[in-house]
Participant: 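Right, I'll just put the structure down here and ask away after.
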Protein chains: 2
Amino acid sequence: MATQPPTPGPDAPVSSGETGGPAFSPLYQQIKALITRSLQSGEWKPGEAIPSEVDLAARYRVSQGTVRKAIDELAAENLLVRRQGKGTFVATHAEEKIQYRFLRLTPDDGVTGPIERKVIECRRQRAPSEVARALDLKAGDAAVQIRRLLYFRARPVVLDDIWLHGTLFKGLTAERLTDYRGPMYALFEQEFGVRMIRAEEKLRAVGADAPAAELLQVAPGYPLLSVERLSYTYGDKPVEFRRGLYNTASHFYRNELQ
Amino acid sequence: MATQPPTPGPDAPVSSGETGGPAFSPLYQQIKALITRSLQSGEWKPGEAIPSEVDLAARYRVSQGTVRKAIDELAAENLLVRRQGKGTFVATHAEEKIQYRFLRLTPDDGVTGPIERKVIECRRQRAPSEVARALDLKAGDAAVQIRRLLYFRARPVVLDDIWLHGTLFKGLTAERLTDYRGPMYALFEQEFGVRMIRAEEKLRAVGADAPAAELLQVAPGYPLLSVERLSYTYGDKPVEFRRGLYNTASHFYRNELQ
DNA sequence: ACGCATTTGTTCGTATGTATT
DNA sequence: TAATACATACGAACAAATGCG
């Protein structure tokens, strides 16, 4: 309707240059930020549909095309999933075709059977300095430590050491981890309201130390792929740090460069 | 001008449903294919600007918005680079800020000095079966094999074994590799007209064998990161297969998950 | 130093196509 | 079949960045 700058409603974006603040930002970027805020606040939950583009355009008082461009970027970042004819949905680690979205390990023969998990340990602990630094905690702050094995066809292939932000994951126990069916990240979404959005990994080759060698049933010094992962939720807030040791005898870590 | 289906010109896209062929394809996808064809044929060379959006719209007899959407996707795939106010350019491995676009190795301390290279070997050879399979060759077809070291701060860190499609890279010698300043992929572009546009990697941890150990100055059995890479040019044609062995003592392979 | 032309970037509006329920 | 939602396509106007005269 309005080709002139719209009167800002309760949910309307800021007019450019109004606040003399940070800098100019295109309308669709402002809309993107508003949608992200609603995702973060839990207004639309994982797996649910968000309002239609037309509705959002009305709500934010912009054109449908501007909303589309905002959603395009959010879909490209895997925060939203578009389904023609059905709507736009909040991405989720649960109910995904591909379980384990972040796990890049692939069997050499391509046969991807079900993955078994065994939780070895899960306890609250004070964060070591390295973990504290990664998770933006003060050294000694509370953290949750998990140690677990992943089995492919009854063989131990991955040993994970996981450190979680202590306050966000208060109340997580080995029992809840064991009982839960489905990926750990789905549990985090559903039980703790923490969604993993993206992650950074650092890969190295290392020799197995004694405990890892025993758990993965290899000789000490056996070459293992070390995968350090820092996972982020909304607002680029780091909430999980883990180190995985992968036995790559019959699996590899796949990556796409472009 | 025309809101009706335009009369197809020499370069115009096919009208939908004309050929009863494969399937429906959106206009912008057809434009994308036409632009890709021009890139492949060398009509626009790496580093050069392609015609403006308005010009392309006139050439293909579609609207500027349709061209934009085609270019958007090509830019997202790193085939083209948009520069506001200047134009849209053909991506190149040369004259890039970041040399080595595909090399994900990063020093622990973040200090990225210049990389030195030493070509150990470069010769024509018959492709072993594994290589032949990867490059879509017949076993025994001609290939170019290169063996080289990469040095970071005068220390050998990467040992590469590279296999190239024999006919595409006819005439490549150790001397040309050594003399060329800049990334190998830039040489491939400029001297052989072959542009690498994407690659798939498989990562593993392995123990150093005797030759690798000597070249990388580590003990035999020392854990190394093995990086198998298959690189593709236009049309998803594989043209390079390489296996790199990385010493990750003070470097890591970085990866982004999203 | 200034303004102008060129090129991509943003935003709007509208109409129509395709997929789903 | 109809209603709804996303997808495609067009046209128009203005903004921002760049380079040239």
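Here is how names work: the chains are called A, B, and so on, in the same order as the sequence lines, proteins then strands, and each is numbered from 1.
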Participant: Checking B:T36 now: which residues fulfil side-chain hydrogen bond (donor to acceptor under 3.5 Å, both in side chains) with it, not counting sequence neighbours?
Facilitator: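 Listed in chain order: nothing, the list is empty.
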
Participant: Whole-Å distance between C:dG13 C1' and A:R61 CZ?
Facilitator: 18 Å

Participant: Can you run down the ring-ring contact (aromatic ring centres under 6.0 Å, His included) pairs that involve residues 29-49 of chain B, sequence neighbours left out, and say none if there aren't any?
Facilitator: none

Participant: Starting at atom CG of A:L80, determine the distance to atom P of D:dA5, rounded to an integer number of angstrom.
Facilitator: 16 Å

Participant: For A:E201, what residues pass the side-chain hydrogen bond (donor to acceptor under 3.5 Å, both in side chains) criterion, not counting sequence neighbours?
Facilitator: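 A:R229, A:Y253.
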
Participant: Could you name each residue pair satisfying side-chain hydrogen bond (donor to acceptor under 3.5 Å, both in side chains) that touches residues 84-95 of chain B, not counting sequence neighbours?
Facilitator: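 Every side-chain hydrogen bond (donor to acceptor under 3.5 Å, both in side chains) pair that includes a residue of residues 84-95 of chain B, provided the two are not neighbours, is B:T92-B:E189.
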
Participant: Which pairs count as salt bridge (charged side-chain N to carboxylate O under 4.0 Å, His left out) when at least one residue sits in residues 98-116 of chain B, sequence neighbours excluded?
Facilitator: A:R204-B:D108, B:D109-B:R153

Participant: Can you build the contact string for nucleotides 5-11 of chain C? Use B for base contact, S for sugar-phosphate-only contact, and - for no protein heavy atom under 4.0 Å.
Facilitator: --BBBBS

Participant: Which residue pairs pass the salt bridge (charged side-chain N to carboxylate O under 4.0 Å, His left out) test with at least one member in residues 26-35 of chain B, sequence neighbours excluded?
Facilitator: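 The answer is B:K32-B:E73, B:K32-B:E77.
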
Participant: Let's test your reading of the pairing rules: Watson-Crick or G-U wobble, both distances under 3.5 Å, then write DNA chain D as a dot-bracket string with ( ), [ ], | and dots.
Facilitator: .||||||||||||||||||||

Participant: Using side-chain hydrogen bond (donor to acceptor under 3.5 Å, both in side chains) as the criterion, list what pairs up with A:T167, not counting sequence neighbours.
Facilitator: A:H165

Participant: Are a donor atom and an acceptor atom from the side chains of B:Y234 and B:R195 found within less than 3.5 Å of each other?
Facilitator: yes

